[in-house]
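It should be emphasised that the depicted structure is a prediction, and the values quoted were computed from it without experimental measurement.
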Amino acid sequence: MAEERKQAGSRWPAGGSGGGRMRDAEGGSGKMRGRQATKGYFTAGLAALFLCLTALLVFLPLVLPPLPPPPYLLLLVPVGLMAVLLALVALVPSDGRAATAAVASSCVC
């Protein structure tokens, strides 16, 4: 009688759990999953690591001597990258229909 109630209340056919092997492979029932979901995003170790990184980024520039400026040609690298990106934006058509029509018309023999 108890088994009939169990089967009637089950949402899986024939009273099965619909993935018992998968549940066993994960190491137990859904209780572990619920415990992990309520756990905070940052642990105490991560908070300590971020705090140390922040302190290093604040105090190291005050302690270390200033670095010499980079060579002038190295300063042109970001300018060149920006020029390439601007050229790509200027040359690529913004209308997708026009771009596909141009490609389709060039393929017609």
*Same apolar cluster: L62 and L60, side chain cutoff 4.5 Å*: no
*Got a sec, which hydrophobics cluster with V89, joining ILVMFWY side chains under 4.5 Å apart, including via others?*
none
*Honestly curious: do L49 and Y41 fall in one hydrophobic cluster under the side-chain, below-4.5 Å linking rule?*
yes
*Where do L57 and T54 land on the side-chain contact (heavy atoms from CB on, under 4.5 Å) test, with the steps shown first?*
CA-CA 5 Å; L57 288 174; T54 304; 5.9 Å; no
_Closest heavy-atom pair and its distance - L56, P61_ = O-CD, 3.9 Å
_Within one Ile-Leu-Val-Met-Phe-Trp-Tyr cluster: L81 and L74, side-chain cutoff 4.5 Å_ = yes
*Taking atom CG of L91 and atom CG of L86, what is their separation to the nearest 0.5 Å?*
10.5 Å
